[in-house]
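We're numbering straight along the sequence, starting at 1.
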Amino acid sequence: MPIFQRERERLIEVYFSQQSRQLTIEAGVRLMTQNGFNDRLYWVKSGELKGYYESSKADLSLKPGTELFTVSPGEIVGVHSFFSRSTVASTTIIASQDSELGWIDLNTEALEPELYGALSDQLMPLIVDELARRQQIMVQQTAAKERAMQKLFRAEQMTTLGQLAAGIAHELNNAVGVLSSKTETLQQSIYQRMVQRRPHLCEYLEHGLNHGQQQSSAEVRQRAKYFAQQYGLEKGKAKQLARAWPEDEIPQHWLTHLDDALIYWDMGRDIHDMRLAATHATHIVRSVKQLGGGEQDKQYNVNVNDTIEQALSLLQSPLRRVQVAWHGGEMPAIYACQNELVQVWINIIKNGCDAMMGMASPQLEIQTTVQRKSIVVTISNNGPAIPEEVRRKIFQPNFTTKKGGLSFGLGLGLSIAQRIVQSYEGSIAVKSDDSRTTFRIKLPFEDSYG
């Protein structure tokens with residue numbers, strides 16, 4: 001046993017275990033009162049006491065003020081008034097549990113002073129122990145205060161950002177609404193004119209409107225070479241046809257009316273892309289609105305698989321060159337806002353698409369399962385590993401690794417996704433290594449969730 005510990009036990013035995021200096025108090029009883037008289041040093045044998053600071057104007061008959069510390073078995077209390085010999089208590093001490101205490105007072109004589117020194121010298125191990133305990137309490141309180149201040153500061157930041165976002169979203173929503181409406185009007189007008197004047201070419205316009213360009217640049221180059229060799233087409237026409245037609249075999253009427261077919265397909269493709277851009281902008285506006293913390297309408301019988309399929313549909317453009325493996329398990333219906341869940345999947349999948357940009361064979365895998373009354377959604381990609389320092393900050397608002405060029409970011413997507421998931425009492429976590437990055441989302445569906 002260390003010397004310090006042996007000496008401490010000797011002090012307890014010699015000074016605080018005397019039968020005549022034992023005290024038992026019930027929970028709720030006041031041991032000492034702030035600014036009141038106290039000439040004793042107490043050692044807690046069992047139970048628990050709490051120290052409070054009370055304003056000088058407070059009525060001490062009322063409930064205690066601010067809680068400062070807890071005194072547990074093996075600890076001492078009354079240090080200031082005893083060792084300063086002021087006999088004035090610096091705090092109010094109240095038993096929070098039935099407690100047993102041993103005590104000494106200023107009249108207690110030192111035992112064996114010739115061997116162990118004066119009483120104050122003998123009690124030094126207890127004082128050192130007590131000061132260390134109080135320092136630890138102070139450090140913990142300071143850390144807790146700092147965390148609370150940081151949390152408050154972030155909350156104020158997000159409130160201000162939310163207010164700005166609401167105004168920006170309103171203006172953007174108006175502009176996006178005009179873009180979407182005019183695109184639809186333009187599409188209908190062009191199609192009706194085509195039906196009236198050149199109905200035999202409507203098929204090519206419809207193909208562009210409905211499908212757009214589904215092939216990646218690498219697939220277009222490969223198929224263009226094949227078309228040029230197979231059908232004797234010049235390089236420019238072969239490449240344009242490769243953008244429009246996704247299969248190796250071309251229908252004869254496309255070849256017969258090739259110039260007109262490519263012109264009207266190109267027109268339909270442009271309108272198709274304008275519609276996609278309007279839809280994408282709408283979802284960006286919805287993301288910005290999420291910062292304002294606005295309530296979303298929830299409904300029963302929401303199927304998580306349906307929300308994922310809707311997200312994949314809305315992300316056709318960024319997923320065009322990505323190999324997607326989608327495994328949807330049997331899902332229970334839950335009580336949720338469908339648009340919110342769609343937004344979660346969009347933000348996570350889009351984040352993965354950005355991470356895989358420039359890769360030769362980007363892959364995305366999505367799986368849904370049910371585990372112990374929770375729906376588990378895993379979204380994995382084969383992009384580069386996320387460094388540990390980035391992984392720790394990835395859900396923080398305004399944190400982004402996209403710094404410039406066209407691939408810029410506000411750092412809000414994953415923060416919004418986390419906020420939505422947590423609003424359903426769910427969780428979201430990310431794991432990443434050199435082979436895969438996986439986001440794992442758990443959504444409970446008991447009680448009010450299913």
Side-chain angles (χ1 to χ4, degrees), residues 147-148 150-166 169 283-298 302 304 307-308 310-312 314-315 318 334-355 364-369 371 374-381 383 385-402 408-432 436-446 448-449:
R147 288 194 297 270
Q150 290 178 354
K151 186 176 181 180
L152 178 61
F153 178 66
R154 286 196 297 269
E156 290 176 347
Q157 276 189 319
M158 292 307 295
T159 299
T160 302
L161 188 57
Q163 292 170 348
L164 291 172
H283 285 278
I284 291 175
V285 170
R286 186 177 294 126
S287 292
V288 174
K289 281 184 176 180
Q290 287 286 345
L291 292 176
E295 290 293 324
Q296 299 283 335
D297 291 335
K298 292 183 179 180
V302 172
V304 169
T307 64
I308 293 174
Q310 187 177 349
L312 292 173
L314 293 170
L315 289 172
I334 64 172
Y335 177 66
C337 172
Q338 183 159 323
N339 288 339
E340 283 185 338
L341 295 183
V342 171
Q343 191 63 54
V344 171
W345 317 136
I346 284 178
N347 291 356
I348 296 174
I349 294 170
K350 185 66 168 60
N351 185 81
C353 289
D354 293 340
L364 181 75
E365 183 176 0
I366 306 173
Q367 184 172 16
T368 57
T369 57
Q371 299 178 10
S374 288
I375 292 172
V376 179
V377 181
T378 56
I379 302 175
S380 304
N381 67 73
I386 303 174
E388 176 62 28
E389 61 273 15
V390 173
R391 203 154 62 240
R392 288 196 299 265
K393 301 177 182 178
I394 201 167
F395 295 111
Q396 292 180 7
N398 310 318
F399 177 76
T400 179
T401 57
K402 293 173 277 189
F408 68 93
L410 298 176
L412 300 175
L414 293 179
S415 174
I416 291 170
Q418 184 187 53
R419 179 185 294 186
I420 293 173
V421 170
Q422 290 178 345
S423 74
Y424 291 93
E425 298 182 7
S427 63
I428 178 171
V430 59
K431 290 184 178 181
S432 185
R436 298 190 81 71
T437 294
T438 301
F439 285 84
R440 190 173 189 267
I441 302 93
K442 290 183 69 175
L443 295 170
F445 59 88
E446 284 187 304
S448 59
Y449 300 102

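Atom CZ of Arg419 sits about 11.0 Å away from atom CD of Glu340, to the nearest 0.5 Å. Summarising the geometry, atom OH belonging to Tyr424 is positioned 15.0 Å from atom OG belonging to Ser374; distances are rounded to the nearest 0.5 Å. Of the inter-residue distances, the one linking Asn381 atom CG with Glu365 atom CD reads 11.0 Å to the nearest 0.5 angstrom. From Thr438, atom OG1 reaches atom NZ of Lys431 across 8.5 Å, with rounding to the nearest 0.5 Å. Atom OG1 of Thr368 and atom CD1 of Ile308 lie 5.5 Å apart (nearest 0.5 Å). The structure places CD of Gln310 at 7.5 Å from CD1 of Ile346, a figure rounded to the nearest 0.5 Å.
Looking at Ile348 and Val377, their side chains never come closer than 4.5 Å, going by heavy atoms from C-beta outward. In this structure the side chain of Ile420 never reaches within 4.5 angstrom of the side chain of Asn347, judged on heavy atoms. Residues Ile366 and Ile349 form a side-chain contact, since some pair of their non-hydrogen atoms from C-beta on lies under 4.5 Å apart. Within the 4.5 Å cutoff, the side chain of Trp345 has heavy atoms near those of the Ile441 side chain. Side-chain contact between Phe439 and Ile394: present, with at least one pair of heavy atoms (C-beta onward) separated by less than 4.5 Å. In this structure the side chain of Asn351 never reaches within 4.5 angstrom of the side chain of Asp354, judged on heavy atoms.
The two residues Pro444 and Gly426 make their nearest non-hydrogen contact at CD-CA, 3.8 Å. Residue Ile428 comes nearest to Gln418 through the heavy atom pair CG2-CG, 3.7 Å, listed as atom of the first residue, atom of the second, then distance. Between Pro318 and Cys353, the shortest heavy-atom contact is O-SG, 4.0 Å. Here the shortest heavy-atom pairing between Lys442 and Val421 reads O-CG1, 4.2 Å. Here the closest non-hydrogen pair linking Thr437 and Gly383 is OG1-O, 4.5 Å. Looking at every heavy atom in both residues, Ser432 comes nearest to Ala385 through OG-CA, 3.3 Å.
Classification of Arg392 and Glu388 as a salt-bridged pair holds, one side-chain N sitting under 4.0 Å from a carboxylate O.
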